[in-house]
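Scroll down for the structure; my scribbles are underneath it.
FYI, side chains are in, hydrogens and waters are out, and symmetry mates aren't considered; it's all heavy atoms of this structure.
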Amino acid sequence: MEGSMNPLVIAGRAFQSRLIVGTGKYKNGAETQAAIEASGAEMVTVAVRRVNLDRSTESLLDFIDPQRYFLLPNTAGCYTAEEAIRAARLAREVGLSDWVKIEVIGDLKTLYPDVQATVEATRVLVKEGFTVLPYTSDDIVFARRLIDAGAAAVMPLGAPIGTGVGIVNTHNLRMMRELISEVPLVVDAGLGTSSDAALAMEMGFDAVLLNSAIAGARDPILMAEAMSHGVLAGRQAFLAGRMPRKLYAAASSPMEGISR
C-alpha cells in the first residue's frame with residue numbers, strides 16, 4: 001500500500017480521504033450522518049441555499065460535526081455569477097467556511113454549468129480571499145481559465161448531475177488529466193457506483209465528489225462504504241500502473257526451460 005495513502009492536498013490543506021461527499025437527497029439527517037461516516041470522507045459539501053443557516057429549526061448542519069469534518073459550502077441552485085458570489089459571502093459570514101465549491105448552472109434541463117459565469121465568480125471570490133473549487137465542464141480551455149482566475153482545484157463533471165451513468169467523456173477527461181498538473185483535479189457529478197469512482201481514480205484524478213450515487217442507492221450506508229473502497233482501489237491501481245494491453249494472448253507462465 002506504499003504511496004496509496006499520500007494525502008490529497010488542496011490549497012495547502014491535507015486530506016487523507018480522496019472521497020468528497022455531498023449531503024442532499026437523503027431521507028433524513030440521521031441517514032445523512034450515517035452515510036458520511038461510512039464513506040470515510042473528511043470533506044463534506046453543503047448547499048448554502050438549501051440548509052437552515054441560523055439553526056432556528058432543525059438543520060442539516062446539526063448532523064455534521066465541524067470538529068470531525070471539513071465543511072465545503074456550495075452554491076448549488078445558483079444561476080448567475082452574482083447569485084453564487086452572494087451565497088459564498090453568506091456562508092463565510094455565518095461562519096461556515098471561506099472555502100467554497102462554486103456551481104453556476106447554465107441549463108435547467110441538463111444542469112450543465114455556465115462556465116463563463118463560473119470563471120467570473122471564481123475571479124471575484126479569489127480576490128476576496130476565498131479558496132474556490134469550481135464545478136465545470138470537461139472543457140480544457142475553461143479549466144485553464146479557472147486556474148488563471150485562481151481556482152484551488154478544478155472539478156469537471158463525469159456526466160450530468162444526478163444521472164448516475166458514470167463517466168461518459170473519458171477522452172476529454174484523460175486529456176485534461178494529462179495537460180493539467182498545476183492544481184488537483186476532482187471528478188464531480190454523474191457517477192453511479194463504486195466502479196465509476198474507481199475508474200476516475202485509475203485515470204489519475206486526484207479525488208471524486210459525489211452525492212446522488214450514495215443517497216439514491218437502495219442501501220445508502222453500504223454504498224457509501226463501497227465508494228470508499230472504490231476510490232482507494234482506483235488510487236492504488238493508478239499508482240501501481242496497469243500491465244500493457246496486448247493484441248493477442250501471452251502465457252502467464254513463461255515457456256523457457258520447459259522440457260519437450
Side-chain angles (χ1 to χ4, degrees), residues 3-4 6-15 17-20 43 45 72 74 81 99-107 110-127 130-161 163 165-191 195-210 230-245:
S4 64
N6 291 347
L8 166 68
V9 179
I10 302 177
R13 186 180 183 106
F15 301 90
S17 174
R18 292 175 179 268
L19 174 60
I20 305 168
M43 188 186 302
T45 182
L72 177 65
N74 73 60
W99 285 44
V100 63
K101 176 193 170 186
I102 286 294
E103 294 183 36
V104 184
I105 300 302
D107 181 73
T110 63
L111 300 182
Y112 260 67
D114 181 333
V115 285
Q116 186 60 56
T118 301
V119 171
E120 179 184 343
T122 298
R123 184 176 293 113
V124 169
L125 291 170
V126 166
K127 288 180 179 178
F130 284 87
T131 298
V132 182
L133 288 67
Y135 161 69
T136 185
S137 67
D138 59 354
D139 188 316
I140 186 71
V141 174
F142 276 101
R144 289 255 178 241
R145 290 180 183 174
L146 287 164
I147 294 170
D148 291 343
V154 174
M155 308 174 78
L157 54 80
I161 292 173
T163 58
V165 297
I167 299 176
V168 298
N169 48 0
T170 55
H171 178 77
N172 284 5
L173 289 179
R174 288 183 191 280
M175 182 168 57
M176 186 179 290
R177 174 69 285 177
E178 182 172 331
L179 296 176
I180 291 179
S181 58
E182 301 94 317
V183 300
L185 294 179
V186 181
V187 172
D188 177 11
L191 306 186
S195 58
D196 299 331
L199 174 59
M201 299 304 293
E202 286 177 11
M203 291 167 63
F205 280 82
D206 297 288
V208 297
L209 191 159
L210 48 85
V231 168
L232 179 58
R235 176 67 177 172
Q236 290 176 328
F238 169 72
L239 293 173
R242 66 163 294 142
M243 65 170 286
R245 291 180 171 89

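Minimum interatomic distance between Tyr112 and Pro160 (heavy atoms only, all atoms of both residues): CE1-CG, 3.5 Å. Listed here is the closest heavy atom pair of Leu209 and Met155: CD1-CE, 3.3 Å. Nearest approach of Pro134 to Thr118, heavy atoms of both residues: CB-CG2, 3.7 Å.
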Derivation of the side chain to side chain contact (heavy atoms under 4.5 Å, CB included) call for Leu173 and Arg177: CA-CA 6 Å; Leu173 289 179; Arg177 174 69 285 177; over 6 Å; no
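Contact check for Ile105 versus Ile161: side-chain heavy atoms found under the 4.5 Å cut-off. At a threshold of 4.5 Å between non-hydrogen side-chain atoms, the residues Glu120 and Val104 do not count as touching. The shortest side-chain heavy-atom distance between Val187 and Met203 does not fall under the 4.5 Å cut-off. Residues Val154 and Ile180 have side chains not in contact (no heavy-atom distance under 4.5 Å, counting atoms from C-beta outward). Taking the side chain as every heavy atom from C-beta outward, Leu133 and Val186 never approach each other to under 4.5 Å. At least one side-chain heavy atom of Met43 sits less than 4.5 Å from a side-chain heavy atom of Ile10.
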With a 3.5 Å cut-off and sequence neighbours excluded, list the donor-acceptor pairs that the side chains of residues 135-148 form with protein atoms.
from, atom 1, to, atom 2, distance (Å)
Ser137, OG, Asp139, N, 3.3
Asp138, OD2, Asn169, ND2, 2.9
Asp138, OD2, Asn172, ND2, 3.1
Asp139, OD1, Val141, N, 2.8
Asp139, OD1, Phe142, N, 3.3
Arg144, NH1, Glu182, OE1, 3.4
Arg144, NH1, Glu182, OE2, 2.7
Arg144, NH2, Leu179, O, 2.5

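In this structure, Asp206 contributes its side chain and Leu185 its backbone to a donor-acceptor pair below 3.5 Å. Panel note: side chain Arg235, backbone Ala198; no donor-acceptor pair is recorded below 3.5 Å.
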